[in-house]
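Data first, discussion second: the structure below is written as structure tokens.
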Amino acid sequence: MSETTTSAVTTHVLDSSRGLPAAGIEVSLEQAVQDGWTPVGEAVTNEDGRVKRLGPSRLTEGTYRLTFETAAYFQRLGIDSFYPQVQITFRLADSEQHYHVPLLLSPFAYSTYRGS
């Protein structure tokens, strides 16, 4: 995959408590299989809090999960937080579409939505 190609699933993490992108968060993507989860890709958010390359450019339909390692991020900032990880499970219904899954993060809350 080239530097300009994006994967089928991308994300953007914004630290809403600081009003800044959340850089340096480890993110993994997994697909649900009959006996658990299988890894698809992993990356680290860039200085703008984005991950554009997280696995292949096309995925099969199915259930997927993004895991954000938030404990290390808040520890680096010297901030106490409640959630050591955030996991977002979602259904990829159309293998031809791009799925953008942003995360709005703070030490004691988070929210997400399907972006474009």
Side-chain angles (χ1 to χ4, degrees):
M1 189 178 303
S2 76
E3 288 296 321
T4 59
T5 305
T6 61
S7 56
V9 175
T10 58
T11 190
H12 187 192
V13 185
L14 297 170
D15 183 336
S16 59
S17 67
R18 299 174 60 224
L20 296 170
I25 294 180
E26 294 179 17
V27 182
S28 62
L29 175 65
E30 300 167 290
Q31 183 178 19
V33 293
Q34 190 170 8
D35 59 347
W37 295 92
T38 188
V40 175
E42 56 185 30
V44 176
T45 57
N46 65 16
E47 289 182 11
D48 194 34
R50 296 180 184 274
V51 171
K52 294 182 180 182
R53 296 175 35 167
L54 184 62
S57 60
R58 289 282 173 242
L59 293 170
T60 60
E61 294 176 7
T63 300
Y64 290 82
R65 168 170 81 184
L66 284 169
T67 301
F68 300 83
E69 299 297 338
T70 55
Y73 169 75
F74 285 116
Q75 285 173 354
R76 281 193 308 275
L77 296 173
I79 298 173
D80 186 35
S81 66
F82 185 68
Y83 299 104
Q85 270 186 344
V86 172
Q87 289 189 319
I88 302 169
T89 304
F90 60 96
R91 186 174 57 86
L92 195 143
D94 183 349
S95 63
E96 296 299 314
Q97 287 190 27
H98 171 254
Y99 288 77
H100 185 62
V101 186
L103 174 64
L104 303 175
L105 181 64
S106 75
F108 298 99
Y110 66 88
S111 64
T112 185
Y113 58 95
R114 173 154 185 214
S116 57

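When reading the values below, keep in mind they use all heavy atoms of this one structure, side chains included, and skip hydrogens, waters and symmetry mates.
Residues F82 and I88 fall within the same hydrophobic cluster, defined by Ile, Leu, Val, Met, Phe, Trp and Tyr side chains chained together at heavy-atom separations under 4.5 Å. At a threshold of 4.5 Å between side-chain heavy atoms, the hydrophobic network of Ile, Leu, Val, Met, Phe, Trp and Tyr places V86 and I79 in one connected group. Hydrophobic clustering keeps L77 apart from L14 (ILVMFWY residues linked when any side-chain heavy atoms are closer than 4.5 Å, directly or through intermediates). Under a hydrophobic clustering in which Ile, Leu, Val, Met, Phe, Trp and Tyr are joined whenever their side-chain heavy atoms come within less than 4.5 Å, directly or via other members, L54 and I25 fall into the same cluster.
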Could you list the donor-acceptor pairs under 3.5 angstrom formed by side chains in residues 97-112, with sequence neighbours left out?
| residue | atom | partner | partner atom | Å |
| --- | --- | --- | --- | --- |
| Q97 | OE1 | R114 | NH2 | 2.9 |
| Q97 | NE2 | D94 | OD2 | 3.3 |
| H98 | NE2 | T10 | OG1 | 2.9 |
| Y99 | OH | A93 | N | 3.0 |
| Y99 | OH | D94 | N | 2.9 |
| H100 | ND1 | T10 | OG1 | 2.7 |
| S106 | OG | A109 | N | 3.3 |
| S106 | OG | A109 | O | 3.2 |
| T112 | OG1 | P102 | O | 2.6 |

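For the pair T45 (side chain) and G24 (backbone), a donor-acceptor distance under 3.5 Å is present.
Here the shortest heavy-atom pairing between A23 and R76 reads O-NH2, 3.5 Å. Closest non-hydrogen pair, T70 versus Q85, comes out as OG1-N, 3.4 Å. Listed here is the closest heavy atom pair of V9 and L29: CB-CD2, 4.1 Å. Counting all heavy atoms, side chain and backbone alike, P39 lies closest to E30 at CA-CG, 4.2 Å.
Atom CD of E69 sits in a crowded spot, with more than 12 heavy atoms from other residues, nucleotides or ligands closer than 6.0 Å. The environment of CD in Q31 is crowded: more than 12 heavy-atom neighbours from other residues, nucleotides or ligands sit within 6.0 Å. By the neighbour-count criterion of 12 heavy atoms within 6.0 Å, atom CZ of F90 is densely surrounded, having more than that number from other residues, nucleotides or ligands.
A distance of 9.5 Å separates CG of D80 from CD of Q75, quoted to the nearest 0.5 Å.
Side-chain atoms of S7 and L59, non-hydrogen and from C-beta on, never get closer than 4.5 Å to each other.
With sequence neighbours excluded, the residues forming a side chain to side chain contact (heavy atoms under 4.5 Å, CB included) with D48 are H12, P21, N46, R50, listed by chain and number.
Using modelled atom types and a 3.5 Å distance limit, the side chains of S95 and E61 yield no donor-acceptor pair.
The ring pair (Phe, Tyr, Trp, His ring centres under 6.0 Å) pairs that include a residue from residues 17-73 number zero, where partners must be two or more places apart or lie in different chains.
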Using the side-chain contact (heavy atoms from CB on, under 4.5 Å) rule, take R58 and E96 through it: C-alpha gap first, then chi angles, then the decisive distance, then the call.
CA-CA 7 Å; R58 289 282 173 242; E96 296 299 314; 3.9 Å; yes

